[in-house]
2 protein chains.
Amino acid sequence: METLEGLEGRSLTVAELVNVLRSAIVGGELVPNQRLVEADLAAEYRASRGNIRAALAELTVEGLVERVQNRGARVRAVSVEEAVEITEVRAALEALCARKAAERITDAEASELQELAKRMKDAVERGDRDSYSESNQTLHARVIEISAQQTAAATIHRLRGQAVRFQFRLARQPGRPAVSLPQHLAIIDAVCAHDPDAAAEAMRVHLESVADVIRSTHA
Amino acid sequence: METLEGLEGRSLTVAELVNVLRSAIVGGELVPNQRLVEADLAAEYRASRGNIRAALAELTVEGLVERVQNRGARVRAVSVEEAVEITEVRAALEALCARKAAERITDAEASELQELAKRMKDAVERGDRDSYSESNQTLHARVIEISAQQTAAATIHRLRGQAVRFQFRLARQPGRPAVSLPQHLAIIDAVCAHDPDAAAEAMRVHLESVADVIRSTHA
DNA sequence: ACATTTAAGATTGTCAACAATTTCTTGTAC
DNA sequence: GTACAAGAAATTGTTGACAATCTTAAATGT
C-alpha cells in the first residue's frame, strides 16, 4: 500500500494515484457516498485533474467508486445485501481454493498450517482477539496461496476490498471465536488430509456462516 | 453490444468506445497479442486519443487488454492454463447460482426450464448443433437470472469475456453433446426439484468437465 | 564483420485550456 | 410564502499540444 510521503516535488502518476485512492477508500479515510470532486482531489494529492480522472475510472471498474454521467464520482456504498452476496461469492471461490490446496499441499506447508491451528486454539483460550484475528487472516491468505489459483485469488482480493467495512465489525462480535474456531480447524484438517471435497465444503460452510452473521446483525 | 453505424459526425464518448472495443476484442476482430496503438485506434474509430486511452485503461482492469509502462497496450492473450482457471472459477460461481436458483425458482420458471430440456434433447437427437448450442447458452443465462445474484453474475460475465475464444471451439467438438446433454438435464432436474446441494454439484461437475476438455485439447 | 553509440522516429504519459452539463443562487410573479 | 425562470457558479467531458520514453536504424570504431 502506497502513501504520500517521500514524493516531494513531482506529481503523482495514474498508477500511484489508483493505489493511494484505493487505500484511502478501503482504509476509511474516504467514507461511503462521499463525493469525489476531481479538482479537489487534484489539489489534495498534488496531481493533475486528468490523472485523478483516470484513476477514478479504474476504481469504478474495480467497484470501489460509483460514477454518474456528468454528475461525478462518489465512494460506492455497499449495501448489506451486497455484502452478503459478496461473502457468498467469496465462499464459493475460497471453497475452490481450499479444494485445490488440499490437492497440492506439501508436507512442509501442512505442518505450517498445523502450527497455525495451534496458535489459533491458544489465542481463543487466552481470549486474545487480535492474535486470533491475525491468524484468521493468515489462514485464508495461505490457503489461497497454496491453491495457486491466480484468477480466483485476484477476484477474491477485489471483492474483499469492497466489503472490508463489514468484515471489520464482524471480528469484534462477542462469542464469535467459539463458533469460528472449530470451522477453521476443520478447514485445516481437511486440507492437510488431502481431502478436496471436505476442504471445499468446510470452507464454504465457514464463509456461509460469516454471511449469516452479516445478514442477522444488519436485519 | 454497440456498433459504429449511425453515429456520423460527432466523435465517440469514452463509454461508447469501451463497448465498441470490447465487442471488437470478444468478437475476434482484434486478435490476441495485437498491438493497440492509441493514435491508430483514434483514427479508426473517429475518437480523440485521450478517449481511446481512457477506454483502454478500463478494458485493462476488465482483463481484456494488457498494458506495459511506456510500451502501450495489446489484446491480452489468455493462455490455456488461464482458460482452465477461468472455467474453474466459473464452475464455482455458477454452482453458487444453481444453488440459489434451486432455492428460489418458481413453478413458471421450472416449466420454462423443462421446456428447454425438451428442446435440448430434440436438438441432440436431430444432430442440430446450432440449436443445441443456443439452448446451452440460454440454460446458463436463465439459471444465473433465476438465482438473482448480482455480484456472481457480474463476475461470471467478465470472466466469460476473457475465455470466450476457448468456449467457441469447444461447442464444435465431435461427441461433445453426448457427454454434456445428461449433465445439462441433471442441472435442470436438481434446480426444478428445489435441491440446492444437488444443483450446485451438478453445475460444478458440468463445468469441471468443460475445464477438462480445454485442458486435454490443448495439452 | 561485430559490437557500441548516437540520432531519428514512433509511441505513450501528462497537462492545461476549452466546451458541455449540472447545480446553486437570485429574482420575479402570483 | 411558494413556484417558477433566468443567470451564475461549479463540475465534469473532451481535445490538442507538449514532454518523456522506448524502438529502430544508421554511423562509428575496433
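So that the names make sense, note that chain A is the first sequence line, chain B the second, and so on, each numbered from 1.
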May I ask you to say what A:G72 touches in the nucleic acid, namely base, sugar-phosphate or nothing, with a heavy-atom cut-off under 4.0 Å?
sugar-phosphate
Between B:E109 and B:R104, is there a side-chain N and carboxylate O pair less than 4.0 Å apart?
no
We want to know whether A:T151 and B:R90 form a side-chain donor-acceptor pair, criterion being a heavy-atom distance below 3.5 angstrom.
no
For B:E16 and D:dG13, give me the distance from atom CD to atom P, rounded to whole Å.
13 Å
May I ask you to decide if A:S131's main-chain N or O and A:E134's side chain share a donor-acceptor pair within less than 3.5 Å?
no
Side-chain N or O of B:T13 less than 4.0 angstrom from OP1 or OP2 on D:dT14?
yes
Could you give the CZ-to-P distance, from A:R53 to C:dC15, as a whole number of Å?
15 Å
Atom pair distance, as rounded to whole Å: CD1 in B:I52 and P in C:dT11:
15 Å
Taking only the side-chain heavy atoms of A:N51 (C-beta and beyond), determine which of C:dT22, C:dG13, C:dC15 contains the nearest atom.
C:dC15
Interatomic distance where CD belongs to A:Q69 and C1' belongs to D:dT11 [whole Å]:
13 Å
Does B:L17 reach a base, just sugar-phosphate, or nothing at all? Heavy atoms under 4.0 Å.
nothing
Please report, rounded to the nearest Å, how far the C1' atom of C:dC15 is from the OH atom of A:Y45.
21 Å
By nearest atom, which of the nucleotides C:dG13, C:dT11, D:dT14 is closest to the B:V37 side chain?
C:dT11
To the nearest angstrom, how far is A:N70 atom CG from C:dC24 atom P?
15 Å
In terms of side-chain heavy atoms of B:R35, which of C:dT12, D:dT14, C:dG13 is nearest?
C:dT12
Using whole Å, what does the distance between atom P of nucleotide D:dT21 and atom CD of B:E38 come to?
16 Å
When rounded to whole Å, the CZ to C1' distance for the pair A:R74 and C:dT23 reads 13 Å
Heavy-atom nearest nucleotide on DNA chain C for A:R49 versus A:R71: which residue maps closer to 5'?
A:R49
Below 4.0 Å: OP1/OP2 of D:dG16 and any side-chain N or O of B:S48:
no
Could you work out which one of C:dT14, C:dT12, C:dG13 sits closest to the side chain of B:R67?
C:dG13
Could you check whether A:R49 pairs with A:E38 (Lys NZ or Arg NE/NH1/NH2 to Asp/Glu carboxylate O, under 4.0 Å)?
yes
If the threshold is 4.0 Å, N to carboxylate O, is there a salt bridge linking B:E66 and B:R71?
no
